[in-house]
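A short worksheet on the structure shown next.
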Number of protein chains: 2
Amino acid sequence: MTESNGFLYPSKWLSKASAGDRVSCELRMRIISGEIESGTILSENKLAADFAVSRSPIREALKILASENIIRLERMGAVVIGLSEKEIEEIYDVRLLIESFVFERIVKIDTNELIKELSKILEMMKVAIKYSDADEFSYQDVLFHETIIRAVNHSYILMIWNNLKPVMESFILLSMRKRFKEKYEDFTRIIKNHELYIEAIRTKDRDLMSKSLHDNFDDVQGKVEDLWISQQMLSKGVVQQND
Amino acid sequence: MTESNGFLYPSKWLSKASAGDRVSCELRMRIISGEIESGTILSENKLAADFAVSRSPIREALKILASENIIRLERMGAVVIGLSEKEIEEIYDVRLLIESFVFERIVKIDTNELIKELSKILEMMKVAIKYSDADEFSYQDVLFHETIIRAVNHSYILMIWNNLKPVMESFILLSMRKRFKEKYEDFTRIIKNHELYIEAIRTKDRDLMSKSLHDNFDDVQGKVEDLWISQQMLSKGVVQQND
DNA sequence: TCTGGTATACTTGTATACAAGTATTATATC
DNA sequence: GATATAATACTTGTATACAAGTATACCAGA
């Protein structure tokens with residue numbers, strides 16, 4: 001709905017992606033936005049027809065979404081789980097868990113390079129705000145946190161992140177698009193929060209990190225809740241996937 | 001090598017599994033045991049021929065293993081990563097992380113039902129020891145921890161567990177098989193440790209939980225290291241997957 | 001009207017075919 | 001002998017076909 005082609009996921013992020021990836025990204029957005037309601041049963045054949053691809057990429061996409069816990073693969077059809085408030089809280093539990101873990105590792109390593117990189121990303125975020133580019137802002141926001149996580153070089157923490165990332169990304173994307181329209185002033189606070197985060201890493205200050213992390217989450221979570229609910233409301237009139 | 005049919009993964013655990021699952025379970029065991037060495041490049045076609053199935057289930061299996069971080073999907077071929085000591089430590093980092101998180105939730109809920117279930121599993125483990133059934137013991141051991149994790153009803157923590165579980169399972173399986181042969185006396189200590197864990201849950205005693213958790217990990221990790229190394233040694237003479 | 005069985009229209013899992021792309025090898029040219 | 005180019009033997013991603021299983025609907029018979 002945001003893009004002119006009727007797809008929710010930014011098409012430029014899919015330049016080199018396979019059909020399976022495209023489908024998974026788009027389906028994920030539709031599920032998280034509430035366009036496809038929780039409880040809907042998705043059929044491989046129907047999806048294949050809708051997306052004009054064969055069942056192979058559809059199957060791939062469904063497997064991915066199932067591993068992200070937003071659908072549940074059953075004997076007949078895939079049941080949409082979606083993101084209720086409970087799931088959103090749970091995601092932030094996990095983010096808090098892994099980012100806290102990561103911070104404990106970060107305080108033990110040299111962070112000069114990391115800080116430089118984070119500062120660059122922050123600049124990018126500012127530019128994105130300036131030009132009201134919600135998608136770019138979201139991208140950089142996700143990248144910011146991913147960069148921190150990657151810094152500690154922990155493959156299994158990275159594994160968790162990789163599982164969480166797509167859902168996070170979609171969620172943030174939807175949140176930011178909404179806020180760019182309605183709550184532009186939010187972004188100064190978000191930027192300040194990220195600056196605080198960098199500062200926490202620089203000074204290796206646990207308390208500051210904890211504060212900025214919690215603020216960041218509260219910010220996104222609290223504010224986004226009504227976004228999400230409004231999206232749900234919006235989609236109540238939408239046609240069901242299966243008739 | 002353990003089973004007469006030349007497969008490492010217990011065939012009875014695959015009764016209702018698809019070909020893709022079979023392949024992923026068996027490949028995982030071979031990779032973790034070191035039978036397939038780290039660095040090996042796996043070809044879809046070759047694997048399909050080896051396992052006498054088509055490429056479809058092989059692709060599925062490779063996707064699964066890639067999400068578990070034991071192989072890496074590249075443009076041409078899948079590169080085996082395997083489990084070095086670093087990865088094993090990382091896995092236990094994550095287990096420690098999630099089980100600690102879970103415990104914090106557990107102290108807030110009614111644990112009667114959980115404790116009953118855990119006690120049952122413990123009894124099963126004892127029986128498995130009595131009859132020297134390493135596979136059954138491993139199964140119950142994994143189930144023990146999974147039961148605790150499931151008790152808190154946290155879908156995204158469960159998601160992490162689901163990603164970790166197969167690798168854990170394979171690792172524990174190999175470890176226990178070895179120890180049943182060589183270090184039978186270990187098991188009294190493992191049982192005692194699990195009893196301690198139950199006790200920690202019953203009394204909601206953080207310190208006791210932390211102790212038993214760490215002991216359990218040190219136990220498995222420390223003791224298993226040499227298992228794993230010996231497995232690696234063992235596999236040095238093994239024929240490469242690709243010629 | 002209710003029960004039992006059968007036909008049908010779905011479903012998944014697997015095999016196979018094919019297109020497009022990428023290393024590798026061999027050949028031709030200098 | 002060294003280098004550029006072409007042939008080849010791979011690779012992945014996707015489409016399609018088919019078998020086996022399952023829910024649904026429908027119809028026959030009581």
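- Between B:Glu169 and B:Lys165 there is no salt bridge, since no side-chain nitrogen of the basic residue lies less than 4.0 Å from a carboxylate oxygen of the acidic one.
- Contact check of residues 58-77 of chain A against DNA chain C (heavy atom, cut-off under 4.0 Å) returns A:Arg59, A:Arg75, A:Met76, A:Gly77.
- The pair B:Arg22-B:Glu26 does not meet the salt-bridge criterion, since no charged nitrogen lies less than 4.0 angstrom from a carboxylate oxygen.
- At least one donor-acceptor pair closer than 3.5 Å links the side chain of B:Asn69 to the backbone N or O of A:Ser155.
- Salt bridge A:Lys86/A:Asp93: absent, no basic N to carboxylate O contact under 4.0 Å.
- A donor and an acceptor atom, one from each side chain of B:Thr40 and B:Glu37, are nowhere located under 3.5 Å apart.
- A residue-by-residue look at A:Ser56 and A:Ala78 shows that A:Ala78 has its nearest nucleotide of DNA chain C further toward the 5' end.
- More than 12 heavy-atom neighbours from other residues, nucleotides or ligands sit within 6.0 angstrom of CZ on B:Phe101.
- Closest heavy-atom contact between B:Ser170 and B:Arg28: OG-CD, 3.3 Å.
- Around CD of A:Glu74, the count of heavy atoms belonging to other residues, nucleotides or ligands within 6.0 Å exceeds 12.
- Between chain B and DNA chain D, the heavy-atom contact criterion of under 4.0 Å yields a 5' to 3' nucleotide range of D:dT11 to D:dT14.
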